[in-house]
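It should be emphasised that the depicted structure is a prediction, and the values quoted were computed from it without experimental measurement. Throughout, protein chains are lettered first and strands after them, A, B, ... in sequence-line order, and every chain is numbered starting at 1.
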Number of protein chains: 2
Amino acid sequence: MSEDPRRSEPNLGLLCFFPHRQMEARVMGAVAAAGFDDITLAQSRVFQRIGPDGTRISDLAEQARISKQTVTFLVDQLERAGYVERVPDPTDARARLVRIAARGRAAVEVAVVAEAEVEAEWVRHLGRRDAACLRRALTRLREITDPYR
Amino acid sequence: MSEDPRRSEPNLGLLCFFPHRQMEARVMGAVAAAGFDDITLAQSRVFQRIGPDGTRISDLAEQARISKQTVTFLVDQLERAGYVERVPDPTDARARLVRIAARGRAAVEVAVVAEAEVEAEWVRHLGRRDAACLRRALTRLREITDPYR
DNA sequence: TATATTAGTTCGATAATCTGTCTATCATCA
DNA sequence: TGATGATAGACAGATTATCGAACTAATATA
């Protein structure tokens with residue numbers, strides 16, 4: 001019954017880690033099982049930041065907190081595999097927009113279903129009340145932990 | 001005022017990502033600023049899983065979800081830099097326990113202070129009520145997202 | 001218009017990770 | 001008890017992810 005006094009309360013940052021890791025693993029597993037087994041975790045972390053109208057390499061880099069060079073490297077692979085395409089940015093001839101391509105859209109469809117399944121499990125475990133509370137607190141916390149909206 | 005209909009509610013897994021990333025970055029920054037600037041993110045992710053009485057390589061691997069070989073590689077570096085030491089496991093002559101060494105304890109001291117600072121900022125932003133609610137929900141969520149207690 | 005900045009790429013180096021293999025020790029069970 | 005199989009850790013080689021430096025083309029600024 002008594003607690004080990006050396007084990008203190010885990011901090012909120014660490015507590016956030018476990019759900020995120022599980023979500024990522026479950027979604028990647030579902031996507032791979034659906035035949036999209038040539039996408040890596042690093043690629044997916046760039047891919048999931050592509051906006052509906054396409055996103056620039058440099059914006060992807062900033063949001064994922066990795067160098068432009070690394071994003072170029074990963075987008076090259078995503079493009080070769082048919083998940084994304086590069087199109088000119090009409091507002092700036094230096095830039096190109098990375099957009100989700102046909103194969104990418106198909107993978108997203110699988111991913112959103114898997115996401116919803118995992119989230120439903122969580123809500124079932126927590127109960128409606130705590131789940132709503134969790135979402136609200138995390139949404140507010142995002143205001144100060146994510147510079148991108 | 002009106003929402004872009006294409007941007008749906010971010011899932012809970014993603015929402016957990018931002019706080020975790022910020023906590024990790026802030027703690028790493030504080031530790032590096034205090035002179036422990038020879039520790040990498042990958043090393044720290046293994047390091048933080050070492051228990052108070054030492055932990056085996058294979059247990060660290062399982063908890064961090066990386067291969068034993070990678071943990072051996074990272075622990076080699078942590079040991080050379082004085083953050084950890086390897087001692088024989090008295091219960092099994094095949095195994096060795098990775099334990100936090102003097103320099104490691106000094107780094108942990110800095111880390112826990114930084115952690116508390118970040119968490120205090122979060123609580124200030126959320127308010128006592130939502131912060132307590134967040135901690136409770138995350139603690140319960142850990143039951144089903146972290147197999148290690 | 002000359003100069004500085006920005007977007008993206010290529011190149012080379014390094015860090016992190018995996019699979020396969022090996023040795024020593026432990027566990028099982030006939 | 002002794003043979004067999006499993007486990008803990010380490011070593012070697014290959015691959016993936018990442019970075020910093022340098023480059024080109026286009027844009028912004030003074």
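In this structure, A:Arg65 does not reach the D:dT18 phosphate: none of its side-chain N or O atoms is under 4.0 Å from OP1 or OP2. Listed pair B:Ser67 / C:dT17 fails the phosphate criterion, with no side-chain N or O lying under 4.0 Å from OP1 or OP2. At D:dT7, none of the side-chain N or O atoms of B:Arg56 fall inside 4.0 Å of OP1 or OP2 (strictly under the cut-off). At the phosphate of D:dG9, neither OP1 nor OP2 sits under 4.0 Å from any side-chain N or O atom of B:Thr72.
Atom NZ of B:Lys68 and atom P of C:dT23 are 15 Å apart (whole Å). Between A:Phe47 atom CZ and D:dA17 atom C1' the separation is 19 Å, expressed in whole Å. Distance, B:Ile57 CD1 to C:dT23 P: 20 Å, rounded to whole Å. Regarding A:Asp38, its CG atom lies at a distance of 12 Å from the P atom of D:dT16, rounded to whole Å. Whole-Å rounding puts the B:Asp76 CG to D:dC11 P distance at 7 Å. Atom CG of A:Asp59 and atom C1' of C:dA7 are 10 Å apart (whole Å). As a whole-Å value, the separation of A:Asp89 CG from D:dA26 P is 14 Å. If you take CD of B:Glu79 and C1' of D:dA10, they are 13 Å apart, rounded to a whole angstrom.
The distance from the CD1 atom of B:Ile100 to the CZ atom of B:Phe47 is 4.0 Å, given to the nearest 0.5 Å. Separation of atoms CZ (B:Arg45) and CG (B:Leu60) is listed at 15.0 Å; rounding is to 0.5 Å.
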For nucleotides 11-16 of chain C, tabulate all protein N/O to nucleotide N/O atom pairs closer than 3.5 Å, reporting atom names and distance.
residue	atom	partner	partner atom	Å
C:dA16	OP1	B:Thr40	OG1	2.9

Show me the protein contacts with nucleotides 2-5 of chain C, counting only N or O atoms at under 3.5 Å.
none

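Residues B:Val108 and B:Leu78 fall within the same hydrophobic cluster, defined by Ile, Leu, Val, Met, Phe, Trp and Tyr side chains chained together at heavy-atom separations under 4.5 Å.
Within 4.0 Å (heavy atoms only), A:Asp92 reaches sugar-phosphate atoms of the nucleic acid but no base atom. Using a 4.0 Å heavy-atom cutoff across all strands shown, A:Arg45 reaches no nucleic acid atom at all.
Counting heavy atoms of neighbouring residues, nucleotides and ligands inside a 6.0 Å radius, atom CZ of A:Arg99 does not exceed 12 of them.
The A:Ile66 side chain lies nearest to D:dT18 when the options are D:dA8, C:dA7, D:dT18.
Considering only heavy atoms from C-beta on, B:Ile57 comes within 4.5 Å of B:Arg86 through its side chain. Between A:Leu12 and B:Leu138 there is a side-chain heavy-atom pair separated by less than 4.5 Å.
The one candidate from B:Arg56, B:Arg96, B:Arg94 that meets the side-chain hydrogen bond (donor to acceptor under 3.5 Å, both in side chains) condition with B:Asp89 is B:Arg56. Residue B:Arg142 is tested with B:Asp146, B:Thr145, B:Thr139 for a side-chain hydrogen bond (donor to acceptor under 3.5 Å, both in side chains); the sole match is B:Asp146.
Ion pairing between a basic and an acidic side chain is recognised when a charged N comes within 4.0 Å of a carboxylate O; B:Arg135 and B:Glu119 show such pairing. By the 4.0 Å N-to-carboxylate-O rule, A:Glu24 lies too far from B:Arg65 to be salt-bridged with it.
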